[in-house]
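A quick note: this is a predicted structure, and the numbers were derived from the prediction, not measured.
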Amino acid sequence: GKNWDGPYQDAVPTIRQFFQKEGFSTHMTSEWDSPSRHAELVATTQSLVVRIPWAVDANGLSLVDLDGIEIQSQAHP
């Protein structure tokens, strides 16, 4: 399993806080629940879904895969 404490000490919470300040709701998705099969920070609004894959390094800090970020438009209800 992943050490979920590590990401809360560095980049992932900072990125999460940024999206929340911009009006996104955010949640963490485990590698088992994400379409990419990577742990992801998911930020959503009515019109966008942003998926940011990340992993934990040997020191317990998060590594964010900036090349793997996906931005999808979401249909309005």
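Atom CD1 of Ile52 is separated from atom OG1 of Thr29 by 11.0 Å, given to the nearest 0.5 angstrom. Of the inter-residue distances, the one linking Asp65 atom CG with Glu70 atom CD reads 10.0 Å to the nearest 0.5 angstrom.
You'll find the side chain of Val49 reaches within 4.5 Å of the side chain of Val42, heavy atoms only. Looking at heavy atoms from C-beta onward, Leu63 lies out of side-chain contact with Val56 at the 4.5 angstrom threshold.
What you find for Thr26 and Ala43 is that their closest heavy atoms are CG2-CB, 3.9 Å. The minimum heavy-atom distance between Trp54 and Val12, with the atom names listed, is CG-CG2, 4.0 Å.
Note on residues 24-46: pairs passing ring pair (Phe, Tyr, Trp, His ring centres under 6.0 Å), not counting sequence neighbours, are Phe19-Phe24. The list of salt bridge (charged side-chain N to carboxylate O under 4.0 Å, His left out) pairs with a residue in residues 40-56, not counting sequence neighbours, reads Glu40-Arg51.
There is no side-chain donor-acceptor pair under 3.5 Å between Gln74 and Ser47.
Not counting sequence neighbours, the partners of Ser25 by the side chain to side chain donor-acceptor pair (under 3.5 Å) test are Thr44.
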